[in-house]
Amino acid sequence: MPELPEVETVVRGLSRVLEGEVLRHVETRRDTLRFPIPQKFAEILKGKRVKDLSRRAKYGLIHMEDAPDVIFHLGMSGRMRLLGAGAPDFEKHDHVIFETGKGEVIAFNDPRRFGFIDFLNEDGSHPMLEKLGPEPLSNHFNGPALAEKLKGKKSPIKAAILDQSVVSGVGNIYACEALYEAGLSPRRSAHTVQGQRAERLANTIREVLTRAIAAGGSTLKDYAQVDGELGYFQHDFRVYGREGEACRNEGCDADIQRLVQSGRSTFYCSKCQR
DNA sequence: ACCACTACCTGAAGGC
DNA sequence: TGCCTTCAGGTAGTGG
């Protein structure tokens, strides 16, 4: 499910339910996701109040009063499910449960278990946050900053923008979409994206992510916002998942092609992207 | 140092 | 109906 726009949507949804609330009940229903869940995770959080939530790249952060902050990652298949108050209807793969003082129940559900949940260090650091590049929607991300990161990189530009140390939060869908909007071939060597090209790409990355957030993210299989609403940005895809379909650029008669780069599908138009 | 590939895990979809 | 293969929104670790 989750690239930056989906995580942003989930964090906003969770904020509405959790901010300012005491965690009346916390429960871990297995010991390990991608990494082990910390010992006494539930015990440490039980009875503590949530200050607020934030997002860094594809990570959600739950800031606590008088307890360590929580970091979570949704992996490929993670969701946060908001369950009605009363007797919650748990499903398979509901691994971690939070209940607020008002009786709202949140379940972290992740069939593939590529996600994880952990505590931040006291200074707000975490090993997973160390190598992250700039937030694409912040002022630190722009053409020159991107060009600098791409300098000397021999890998294809598609692989480079999936590299979280170049720009953080962009995943396979939005990498494809941003390259299409920028008119750049996914196979182009990253180091050739300088000057105007870098400017253009930085802009399309920001635009695509911003539009996706406004649409509540993208729903492929079962991604849902916290309240169960679906995202709908998938209707705006220009290339992702559209192999063999017509390019949507005015005056282009080519079909969208699919190729595999470092083990992942790339969708692009070979006429519009150079 | 850089880059591509594998491994991690489950489930859905398609072919036979 | 069922078995087998392929594919999926991510990323740490490995080996060239």
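Here is how names work: the chains are called A, B, and so on, in the same order as the sequence lines, proteins then strands, and each is numbered from 1. None of the values given here were measured: they were computed from a predicted structure.
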Given [options], which nucleotide is nearest the side-chain atoms of [X]?
| X | options | value |
| --- | --- | --- |
| A/F114 | C/dA8, B/dC8, C/dA12 | B/dC8 |
| A/M128 | C/dA12, C/dG9, C/dT11 | C/dA12 |
| A/S155 | B/dC3, C/dA8, C/dA12 | B/dC3 |
| A/P111 | C/dG9, B/dC3, B/dT10 | B/dT10 |
| A/N172 | B/dC3, C/dA8, C/dG9 | C/dG9 |
| A/H93 | C/dG10, B/dT10, C/dT11 | B/dT10 |

Decide, yes or no, whether a salt bridge links [X] with [Y] under the criterion of side-chain N to carboxylate O below 4.0 Å.
| X | Y | result |
| --- | --- | --- |
| A/D94 | A/R81 | yes |
| A/D163 | A/K153 | yes |
| A/R24 | A/E99 | yes |
| A/K102 | A/E21 | yes |

Donor/acceptor link under 3.5 angstrom from A/R264 side chain onto base of C/dA8: no
Donor-acceptor pair (no angle test) under 3.5 Å: A/R113 side chain, B/dT10 base: no
Taking only side-chain N and O atoms of [X], does any of them lie within less than 4.0 angstrom of OP1 or OP2 on [N]?
| X | N | answer |
| --- | --- | --- |
| A/K58 | C/dG10 | yes |
| A/S265 | C/dC7 | no |
| A/K153 | B/dC3 | yes |
| A/H73 | C/dT11 | yes |

Parallel, tilted or perpendicular: rings of A/Y174 and A/F233 (30°, 60°): tilted
Inter-nucleotide P distance (C/dT14, B/dC9), Å rounded: 16 Å
B/dT6 versus C/dT6 - spacing of their P atoms, nearest Å: 14 Å
May I have the distance from [X] (atom [atom1]) to [N] (atom [atom2]), rounded to whole angstrom?
| X | N | atom1 | atom2 | value |
| --- | --- | --- | --- | --- |
| A/D94 | B/dT10 | CG | C1' | 15 Å |
| A/D110 | B/dC8 | CG | C1' | 12 Å |
| A/M76 | B/dA12 | CE | C1' | 13 Å |
| A/R30 | B/dC9 | CZ | P | 9 Å |
| A/I71 | C/dG10 | CD1 | C1' | 14 Å |
| A/L132 | C/dG10 | CG | C1' | 13 Å |
| A/E6 | C/dA8 | CD | P | 16 Å |
| A/Y59 | C/dG9 | OH | C1' | 14 Å |

C/dA12 - base-pair partner by Watson-Crick or wobble geometry, distances under 3.5 Å: B/dT6
Under 3.5 Å on both distances, the Watson-Crick or G-U partner of C/dT6: B/dA12
So what does [X] touch, heavy atoms closer than 4.0 Å: a base, only the sugar-phosphate, or nothing?
| X | answer |
| --- | --- |
| A/K131 | nothing |
| A/P156 | sugar-phosphate |
| A/Y240 | sugar-phosphate |
| A/Q164 | sugar-phosphate |

Ring-ring centroid check A/F108 A/H95, cutoff 6.0 Å: no
5′-ward residue of the pair A/K92/A/R34 relative to DNA chain B: A/R34
Residue of the set A/F41, A/F114, A/F116, A/F119 for which ring pair (Phe, Tyr, Trp, His ring centres under 6.0 Å) holds with A/F35: A/F116
